[in-house]
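Structure first, commentary second.
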Amino acid sequence: NQTEKVSVAFKDFFAETDKLIDFKANPQRMPEKSKVDALAKIRDNKVKQVIPENLFEKYIELEKSARPPHKRKKPKK
């Protein structure tokens, strides 16, 4: 089932991402962007194998729109 396989790909991604987060730090330290990007690439490749090729571009658009908004850094004065 496509839905189950995509769901597993996302669950794996979030489980691996959680392993990279330093929960003991205050505030919590997020993992390096390069490591998260590598995990996202693995996840996206798993999804690409499951869904039809013509839907993969739509998946990428939806995945990007589902990301949390970035905090904008205030310019230094």
Side-chain angles (χ1 to χ4, degrees):
N1 181 328
Q2 283 181 342
T3 305
E4 290 173 9
K5 290 179 181 178
V6 170
S7 183
V8 167
F10 272 85
K11 285 178 185 175
D12 291 347
F13 168 77
F14 287 117
E16 292 300 315
T17 302
D18 282 350
K19 290 178 186 177
L20 298 175
I21 297 172
D22 185 357
F23 288 105
K24 294 178 183 176
N26 189 10
Q28 296 172 356
R29 291 197 191 113
M30 297 309 291
E32 293 176 30
K33 184 178 182 327
S34 61
K35 291 182 179 180
V36 175
D37 288 347
L39 292 173
K41 190 172 186 175
I42 293 168
R43 177 203 60 210
D44 292 346
N45 284 333
K46 288 179 182 179
V47 171
K48 191 174 190 175
Q49 293 174 1
V50 175
I51 64 174
E53 190 174 329
N54 62 333
L55 293 179
F56 188 70
E57 287 183 36
K58 184 68 174 171
Y59 156 76
I60 294 294
E61 288 176 28
L62 290 171
E63 190 277 327
K64 286 181 180 179
S65 69
R67 293 178 189 169
H70 292 293
K71 292 181 181 178
R72 295 187 179 215
K73 294 182 180 179
K74 295 180 182 178
K76 294 182 180 180
K77 294 183 180 179

- Message: Test of understanding: with side chain to side chain contact (heavy atoms under 4.5 Å, CB included), list the residues that count as partners of E4, not counting sequence neighbours.
- Response: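 Side chain to side chain contact (heavy atoms under 4.5 Å, CB included) check on E4 returns N1.
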
- Query: Is there a chain of hydrophobic side chains (I, L, V, M, F, W, Y, each step under 4.5 Å between heavy atoms) that links I60 to L39?
  - Reply: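 Yes; L39 is reachable from I60 via cluster members.
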
N/O donor to acceptor pairs below 3.5 angstrom from side-chain atoms of residues 5-18, sequence neighbours left out:
from : atom 1 : to  : atom 2 : distance (Å)
D12  : OD2    : K46 : NZ     : 3.2
E16  : OE2    : K19 : NZ     : 3.0
T17  : OG1    : F13 : O      : 2.8

Enumerate, atom names and distances included, each donor-acceptor pair closer than 3.5 Å involving a side-chain atom of residues 47-55, sequence neighbours excluded.
none

- Message: Holding to salt bridge (Lys or Arg N to Asp or Glu O under 4.0 Å), I want the full list of residues that pass it with K33, two or more places apart in sequence or in another chain.
- Response: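 K33 satisfies salt bridge (Lys or Arg N to Asp or Glu O under 4.0 Å) with D37 only.
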
